[in-house]
Amino acid sequence: MIIKIGHVDVDPRTLDKRSNFGSHSQLELDVQISQPCNIKKPTFLLDVSHVSPGYNYAYVPLWDIYYFLSEPTIIDGVRANVAGEMDYLTTYADGIKNLSGYLVRTADTAKRNKFLTDNRKQVQSNCREYTYQFNRSPFRANFSTDIVYLLTVIGGRH
Amino acid sequence: MDINNLYPTRTTFTQGSSGEYTAEMTSTWGSTYDDETVNDVSAYWLGYISKDNLPEQYKRGIVYYDGAEKVIIKDIVDKSNFPCTYGLFESYSSVMQRYLLARETDGQEVITSNGYTRLFNQLYPEYIGLSYNANSNYSSALHITMHYVLFDGGGNIVNTEYSNMYKLTSTAGIHFNYNGYGRNAVKAAYDFLFKNADYVLNISGHNFIIKAVDLASGTCYLTSDDNYSVRLFLTGYEINMYAVISSSNTYKPMGFIVKTTQSHLGHVYADTCISNGADYNDTTLWWHRSGSTAGNAIDQHTSENDPIFSYYWGFDEEINISEIQRVDGFNSSSTGYAYGYTDHVFLHRDNQSGYSARCILTPYYPISTVEKTFSLSIRVDVSGIYTPSYSEYFTYATDVTSNNEFLAKLKTGDITNTTFKNGLREWQYEDIQSDEFDETDIPPYTPPGPDPRPDPEPPEDDAEHGGDDIEPSDVSGLGASFGFTTQYALRGSQIEELGAKLWAGFDRTNPDIDAFIQNFVYNVDPDTGSVNMSDIMEFFISLRAYPMPLGNLTSITAAGNDLYVGAGTHPITLTDYIHTADSYLEPVNAGTVSVPFWFGDYRDYKTEITLYLPYCGTAELNPADVMGCTLDCTYVVDLSTGSCTAYVWTTTWENHRYPVAIMPGQLGVDIPITATNAGRVGARLLGDRINFAENIMSVLKNTATGIGAVTSGNIGTGIRATMSAFIDPAIQEQKQLAGMADRGAIAAPMLSGGRGLAAFRNPATAYIQVRSPFYAVPEKYADTVGDPAATRVQIRDCHGFNQFVNVDVSGITTDAADQAEIRRALENGIYI
C-alpha cells in the first residue's frame, strides 16, 4: 500500500493541512499495515530507515485519509511500527468547509461581536479613571466678580 | 526603486543607436553651488521613468515614471535644444502625482522664451512642464524652485526635496540649478493637501493636520499672459497659504503653493514671478526681480507702470514684520550675491534705488526644520538678487515641536485692499485664521492612558428603532415676578454699599442719623400728618448669593441706581446700576459633554460612571446612557428659594434622547440680614456667635421700633446713643467674625443654610467620571482564543481561529463516530 509520509508544522487544529503537507518533502513508500488494523488508527510497518521523529504526518491515497503519525517503535532493528491517527479535519476538509454552523469565537474581526461579553478576558483589580468635563459652566466662585446677590424685598419696584 | 532615487538628480544621457537618449541618474545634487554649463547634458536630469505604459503618441519626448525603468527620450536630435525636462516622480505608493512632460507635437521644438522652454502637457493639462533651456541670456533666466514633500501611502513624509534645493548662481551669469519638480511638485502637494484635507501627517513623530480652506476665487492675483514669458499665477484659487497653527494659537505663515490654472497650447505657464511686459491690469501683481544693477533686472517697473505697488500679496503697506531674518548665506554685493537657502520665507520689499518698491515673495522651504514643518515654496531665483536696504520678511512657522499643530491653508483676501485683514500677519492670529479653521478642530483632550481605540461601528440594532424621545418641559414663562416682592440682583460691591447706606448712622466717626432716618421706610399719615416709621429691615426678605455672574440671569432688567423697598418713596441710591430679576425661574445652560467609547467594545459597558453636578451632588449613571453619547445639562434655578434642579439629558449614538439624571440641589446661599433671618440662618452654624449677632440685631430692631414710636425731635439723639452703645462694639465683633469691611450689620458672618457659601469651593463645572478596569489581554489573544461572536456562518467564509457550535455535520459522508469527532473538533476550535 502506498503511503506518503512527511511533515506538517501547523497546529493540529488546522482544518486543511494539505498545502502545508505538500510544501514539505515527502516519502512515498509502499508499506505494509500491521493487521488487524483500524483504518482510522492504523499502525504502519515501515523500514527503520524511513522512521524519523520529523515525520509526523501521512497520507494514504487508497483511503484518501490523512493521519497524524506518532510512536515510532523499532521492532527488530529493520522494521518499525508507526502509529497513525486519522486527521478528521483534513481528511474531510472539503466537506467541512461547506458546513454551516453557529460561530461563537473567532479571530476574524469582521465577524466578531464586540459587544458580547468575553469572560475569558481577565479583569484586573486596578482601574483607570478619566473625567470629561461639560464644555461650559454657568457657575463661578469668584466672590469679587462672579457672585450675584439677590436681595428680595417687599414691594420695592417703582 | 529606492525612493530616494526619485529625487531629481543629475542625469547623464546616453545616446542610443536609434538616436534616442537614455537618461540615467548619475548623482545627486549637493548643497553647494552647481555650476552647470548650458550644453552639459549632465546638467539635466531626469528621473527614472518609463514610458512603456503611455499611449504611443506620448511616448516620444515623454518621460514618466512608473517603476524602475530608465527614461527613454526619443527624437532628440539637437541636444542643445533638448528641453530640460523636469521630472516629477511618481511612485504608486506615494501621493505625488504623475508628472508628464510632453512636447507640443512630436518632433517639434518647444517654444522657448526667455530662457524657458515651456512644454505642453497634453495628458495632464493641469500640469505644466517647465524646461529650462539655459542660454546666455542670464538676465532673462528664471529659476523656479519647487520643492515637494513626498509622502508614502500612509501619509508619512518619506523624503523631501529640500536637501536638493538649488543653490545659486555665481555672479558670472546664470548657472542655475533648477529644481525639476517644477509645477508638478507644487501641484502634487497641492493636490495632496487639498484632496487630503484633514489628513494627518506624521512628521518625525509630530502630527500635523492639514486643513484645507478654499480660497476666494479671484482674490489674488496674477493673470496670465500668453505673450510673456512667465507669469506668476497668484489667483485666489491658486494661491494657498499654509500656516502652522499651534495648539497655543501661535500662528505663523509657512509658505504657499501656487499652481497654474491654464495650460496653453504652445505655452506653459511657469511659476515665476516675472513679467517683462506691460500687459497687466489692476489685479496683476508683478513680481520683480531686482537685479544687481538696474540693467540686469528682468523687469524694470516704474511706479506708474506698476499698479500694484500698493498691492501686497497678503500684506498691506503697513505690514511690520517684527522679525527679520536673514537667510544664511545671504549676502549682498554690488553685483549680486550668492544666495543660499535656509529656512526662511521672506517677502522682499525692494527699495532698491531705481526701482519702485516691490514685493518679492520668495517663500522658502525650511531645511533644518523640515522634520517639523514643511511647506512648499516657490522661489524666484535670479542672479543677483539684491539685498535691499530695507527688507521685510515674514517667516513661516518653524520648529513645530508639539503635537496637534496644524498646517492650515489660509484664505487670502483681496490684495487690492490695502488694509487687507486676512493677510499673513504673524502676530495677528485672527487675521490669518481661515474661516474654515475651527478651533474646535483641535483634537479634544485625550485622557492619559493607552490610546483609546477609535469609536467602533455602532452595533447592529436588530430591533427597529422604536420608542419616543423624551424632552424636558419648557420652563419659559414660569415664575414671573408678580409685584409683591422685588428681587434686586446686586453685585457684592453693591451689597456692601447698601449695608453702608443702611447703617450709615452707625459710623462711629461720623454718625449720620439723618441719613439713617432717611433710609427708613416711612409713611405720612394723611389724616394726622404723623410720620410712621417702619423698620426697613422688615422689608428685607432675604439675601442670597448665587455663584453665577450677573449676566447668567436671563430675566434681568436694569433698574437704574435706586433701590426701593416697600412702598417707600425714598430709595437707597447706589453707585452702580442695579438690576432686578424678573423671574423666579432661571434656566441655565450648564454645557454638554460627549463621552467617547474607550475600548469600542463591551468593556465600555462594564465601566462605572459618576455624574457630578455642581451644587447637587453625584449620581451613578448607566454606561449605556453615557458611552458614545452626548449629555447636556440645564439647571433650573428657583430664585425664590435658592434651590435648583439639574436636568441631564442624553443623546445616544443612535440619536435616542432621554433624561438620565434630575437632581435637586441648593444653589443660592442665604446670607443673614435681619434678626429673624440671622437667627434662623446663623443658628444652624454659628451657635453662640449667632446668638450674639441675633442680640445685636434685636437691639437694632428694638431701637428701630423705638424710633418708630418717635414722632420727632429726639430720634437722632436716642438713636445715636442707643446705637453707639450697642452697635459699635457689635460691629467690631462682627468684623472679627466675618473679616468683613467696616460696613455695618450687613457685614454679618457669612453664614447660610444648606451647604452654605463653603459649597462655592466645589468644582463649578459638571463632569462625568468614568472608571474602567484594566483587562489583561495577552498578545495575539484573538488569534488564538478568538473574540466572541454570535453569527451563523459557512465555515469556508471564516479565517483564522474559529470556534463553532451546533454544526450540522450530516453533510460529511462518514460514519457517526467521525461526525462526532468533527463536531468536537469544530467546537474546540479550528484554524482555517
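Everything quoted here is computed from the prediction, not taken from an experiment.
- Inter-residue side-chain proximity for R771(B) and R128(A) is flagged as unmet; no heavy-atom pair is nearer than 4.5 Å.
- Panel note: side chain Q122(A), backbone A776(B); no donor-acceptor pair is recorded below 3.5 Å.
- Counting heavy-atom pairs closer than 4.5 Å to chain A, the top-ranked of the candidates K780(B), Q769(B), H799(B) is Q769(B).
- Between K111(A) and D797(B), the shortest heavy-atom contact is NZ-O, 2.9 Å.
- The CG atom of L15(A) sits 4.5 Å away from atom CD1 of I830(B), with the distance rounded to the nearest 0.5 Å.
- Ring centroids of Y615(B) and F139(A) are separated by less than 6.0 Å, placing the two rings close together.
- Closest approach of D118(A) and G786(B) over heavy atoms only: OD2-O, 4.1 Å.
- Counting heavy-atom pairs closer than 4.5 Å to chain A, the top-ranked of the candidates G642(B), A789(B), G811(B), S810(B) is A789(B).
- When heavy atoms are compared at a cutoff of 4.5 Å, D562(B) does not approach chain A at all.
- Taken from NZ in K114(A) to CZ in R603(B), the straight-line distance is 11.5 Å, to the nearest 0.5 Å.
- The residue from L490(B), I541(B), T580(B) that alone fulfils the side-chain contact (heavy atoms from CB on, under 4.5 Å) condition with L151(A) is L490(B).
- When all heavy atoms of P788(B) and L116(A) are compared, the closest pair comes out as CB-CB, 3.7 Å.
- Taking all atoms of both residues into account, the shortest heavy-atom contact from S100(A) to V807(B) is O-CG1, 3.6 Å.
- Centroid-to-centroid, the aromatic rings of Y149(A) and Y488(B) stay 6.0 Å apart or farther.
- Comparing N98(A), V10(A), D108(A) by heavy-atom pairs within less than 4.5 Å of chain B, the highest count is held by N98(A).
- A 4.5 Å side-chain heavy-atom check between Y132(A) and S594(B) finds every atom pair outside the cut-off.
- Residue F115(A) holds its CZ atom at 5.0 Å from CZ of F597(B), rounded to the nearest 0.5 Å.
- Two residues are said to be in side-chain contact when any heavy atoms from C-beta on lie closer than 4.5 Å; Q794(B) and L99(A) fail this criterion.
- Chosen from T152(A), I96(A), D11(A), D16(A), the residue pairing most often with chain B at heavy-atom distances under 4.5 Å is T152(A).
- A salt bridge links D787(B) with R112(A): at least one charged nitrogen is closer than 4.0 Å to a carboxylate oxygen.
- Looking at Y612(B), neither its backbone nor its side chain comes within 4.5 Å of chain A, counting heavy atoms on both sides.
- Of residues 85-95 of chain A, those residues lying under 4.5 Å from chain B by any heavy-atom pair are M86(A), Y88(A), L89(A), Y92(A), D94(A), G95(A).
- Between Y102(A) and F804(B), the ring centre distance reaches or exceeds 6.0 Å.
- The side chain to side chain donor-acceptor pair (under 3.5 Å) check on D47(A) picks up S49(A), with sequence neighbours excluded.
- Each of V595(B), N589(B), I832(B), V588(B) has some count of heavy-atom pairs under 4.5 Å with chain A, and the biggest count is that of N589(B).
- A salt bridge is defined here as a Lys NZ or Arg NE, NH1 or NH2 lying under 4.0 Å from an Asp or Glu carboxylate O, and K40(A) with D818(B) meets this definition.
- Here the closest non-hydrogen pair linking V123(A) and Y775(B) is CG2-CE2, 3.4 Å.
- Counting only N and O atoms by type, the side chains of R105(A) and N802(B) include no donor and acceptor under 3.5 Å apart.
- Looking at L611(B), only its side chain comes within 4.5 Å of chain A, counting heavy atoms on both sides.
- The NZ atom of K121(A) lies 15.5 Å from the CZ atom of F774(B); values are rounded to the nearest 0.5 Å.
- Of the atoms belonging to K606(B), it is side-chain heavy atoms, and not backbone ones, that fall under 4.5 Å from chain A.
- Atom CD1 of I154(A) sits about 10.5 Å away from atom CZ of F540(B), to the nearest 0.5 Å.
- Ranked by heavy-atom pairs shorter than 4.5 Å toward chain A, the options G800(B), S640(B), A489(B), A766(B) are led by A766(B).
- Within the 4.5 angstrom heavy-atom criterion, atoms from both the backbone and the side chain of L631(B) approach chain A.
- In this structure, SG in C798(B) is found 12.0 Å from NZ in K97(A), a value given to the nearest 0.5 Å.
- Of the listed residues (D783(B), T814(B), T813(B)), the greatest number of heavy-atom pairs within a distance under 4.5 Å of chain A belongs to T814(B).
- Nearest heavy atom pair, residue C633(B) against residue F134(A), reads CB-CE2, 3.6 Å.
- No side-chain heavy atom of N135(A) sits under 4.5 Å from any side-chain heavy atom of V593(B).
- For V785(B), the parts sitting under 4.5 Å from any heavy atom of chain A are the backbone and the side chain alike.
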